[in-house]
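In the text below, chain A, chain B and the rest are named by the order of the sequence lines, each starting its count at 1.
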Amino acid sequence: MHDIAAIRKDPAAYDKNWARRGLSVQTPAILKLDTDRRAVQTEMQDLQNQRNTKSKEIGAIKGKGGDATTLMNEVAAMKERMAELEQREATLAEALNQHLASLPNLLDDDAPDGKDENDNKEVRKVGTPKKLNSQTPEHFDIGEALGMMDFETAAKMSGSRFTLMHSGLARMERALAQFMLDTHTIEHGYTEVSPPLLVRDNALYGTGQLPKFAEDLFRTTSDHWLIPTAEVSLTNMVADSILDDDMLPRRYTAHTPCFRSEAGSAGKDTRGMIRQHQFYKVEMVSISHPEQSNEEHERMTQCAENILKKLELPFRTISLCSGDIGFGSRKTYDIEVWLPGQDRYREISSCSNCGDFQARRMKARFRKKGDKDTQFLHTLNGSGVAVGRALIAVMENYYDPSDGGVFVPAVLKPYMGGIEKLLPQGVSKAQRAVG
RNA sequence: GGACAGGUGGCCGAGUGGUUGAAGGCGCACGCCUGGAAAGUGUGUAUACGCCAAAAGUGUAUCGCGGGUUCGAAUCCCGCCCUGUCCGCCA
């Protein structure tokens, strides 16, 4: 949501910024609605004032046992006009809100300009991509050869874009999530949260998925929505609230399933578990003071990168360009992990500074100690990181072509009960526990 | 799912049609008192939007949400949501 007062003050700045996202000029229509609305509102409030005053007089007269018929008729005569004005005001306010709600966040000056993902800017590169002379199969081949990844059985019960894993891979997925949560809570100062996975309209409106992106979401028959990311649940923790500034920043993390309809991505990543209707993700959300959100954004990105560093996975961090950046974000870093099987980098995390965009939509404010006025908070979210894709990355980067096995990364060993390497099933237990 | 009871300001809690944005209490802030503190005492203490160049000021709305009745609604009527308790079912 946008600050209508700020748009009034400097409409050109908004149009100029939106143009970077490829939008046409928006503010004339907005300002027209705003001006009309306020004119109607002023007239309406004036009539309300008259009504209230006269009604009080009527009360006073009747209290003394007098006759107030004349005044009562006067007020009654105003009713039609008032109803009309109320109706118009509501219509205009609705139109204005709809217009504003459908417009994306303003971009940070720092976000590079560009048309699509090809114009994203690389910020840094960490680790050396393994070139295995195309000896590394893709994760689904590795997983099926291990006998631990089963797309057919998943499809039998759920259709496409679902995966079933068992044994070592199932455990490794769990180990990854545990490792990430422990790192964020113990080392990075995030508070672990176990949030609802089903939410109502207003929560998704707050984070910006609604009203524009309903088709990307799953909806239940009880009119709940399945969260597409824990960003929704975690950010909405501060909806409709006023925090004290000494409580900032607040940092939350959660490990949750995420559900996405993937409407519009037909044909993309159809094999394997890169793009699923359901996947696990460890999410980080920061609730920040406006002046600290840029710094917090860098910090959060570091936290996500730290997970990959500990897993010793090569990655690069890119700053998304104006044409690729998400609706609610003013600046986004994507972290892409190296996948030897695909011989390319793939997104494994996305860290966004949403500024006050979501905070306005969900009325999340703070107050400086002693101050009377409230201000909108800044909200940030980032994957820390996508668990399914992290598993894929481990499988391909830790693949051993000599036996088709997958080594367990050092940091995961404590979570794997002594297993050092996943080996194709059918191999003896003694071998599987090799150490 | 069934039955009952409820949803009022940061919190507790009064209020069943008329100067009620809302008594009283607690909490909080500031002042007085004190050597200092406690106690006591005084004042203040919601949010959003409009008008105004702005401050001051002033207006409007908000007592779960939406609609209705009325000159006037926290109070009456209808619908919805939520919470609590008991019963049923159940991971």
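- When both distances must be under 3.5 Å, the Watson-Crick or G-U wobble mate of B:G79 is B:C65.
- With A:Y205 as the aromatic partner, A:R361 meets the cation-pi criteria of under 6.0 angstrom to the ring centre and within 45 degrees of the ring axis.
- When ring centroids are compared, A:F327 and A:F357 come within the 6.0 Å threshold.
- Across all strands shown, B:G2 is found opposite B:C86 as a Watson-Crick or G-U wobble partner, with both distances under 3.5 Å.
- Using atom C1' as the reference point in both B:G9 and B:U47, the two lie 10 Å apart (nearest Å).
- For B:G36, there is no paired base (Watson-Crick or G-U wobble, both distances below 3.5 Å).
- Salt-bridge formation is detected for the pair A:E262/A:R275: a Lys NZ or Arg NE/NH1/NH2 atom is positioned less than 4.0 Å from an Asp or Glu carboxylate oxygen.
- Using N1 to N3 plus N6-O4 or O6-N4 for Watson-Crick, or N1-O2 and O6-N3 for G-U wobble, each under 3.5 Å, B:U20 pairs with nothing.
- Distance noted for atom P between B:A73 and B:U62: 9 Å (whole Å).
- The nucleotide B:C11 finds its pairing partner in B:G25, both defining distances of the Watson-Crick or G-U wobble pair being shorter than 3.5 Å.
- Side chain A:Q41 to base B:G50: no donor-acceptor pair is found below 3.5 Å.
- In a base pair of the Watson-Crick type (N1 to N3 plus N6-O4 or O6-N4) or a G-U wobble (N1-O2 and O6-N3), with each distance short of 3.5 Å, B:C30 is matched with B:G42.
- The ring of A:F259 has its center no closer than 6.0 angstrom to the ring center of A:H277.
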